[in-house]
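Working notes for the structure below.
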Amino acid sequence: MIAHYNQDTKTPKIVSIMRDAYVNIPGYGMNKINAAEALGGPELLRKTIKEMNF
């Protein structure tokens with residue numbers, strides 16, 4: 001889950017990403033999103049999520 005709080009509007013947003021979602025992991029190709037952290041730690045996971053289209 002990803003949580004974001006906008007201090008200006010005082011509104012929260014929460015997004016849940018299924019751990020078996022099949023995504024493109026930068027530098028590694030297509031795989032399950034939970035593999036991103038195993039392959040490159042939190043930074044690769046952040047990059048992977050940024051490239052996803054919600």
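Every value quoted in this text rests on a predicted model; they were computed, and no experiment measured them.
- Annotation: the span from Arg46 atom CZ to Glu51 atom CD amounts to 14.5 Å, rounded to 0.5 Å.
- Only one option out of Ile25, Val23, Asn24 pairs with Met30 in a side chain to side chain contact (heavy atoms under 4.5 Å, CB included); it is Asn24.
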Derivation of the side chain to side chain contact (heavy atoms under 4.5 Å, CB included) call for Ile33 and Ile49: CA-CA 8 Å; Ile33 194 161; Ile49 292 169; 4.0 Å; yes
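- Once rounded to the nearest 0.5 Å, the distance linking OG1 of Thr48 with NZ of Lys50 reads 11.5 Å.
- The two residues Arg19 and Lys32 make their nearest non-hydrogen contact at O-CB, 4.0 Å.
- How far NZ of Lys10 is from OH of Tyr5: 5.5 Å, rounded to the nearest 0.5 Å.
- For Leu44 against Tyr28, the heavy-atom pair with the smallest separation is CD2-CE1, 3.6 Å.
- Between His4 and Pro12, every side-chain heavy-atom pair lies at or beyond the 4.5 Å cut-off.
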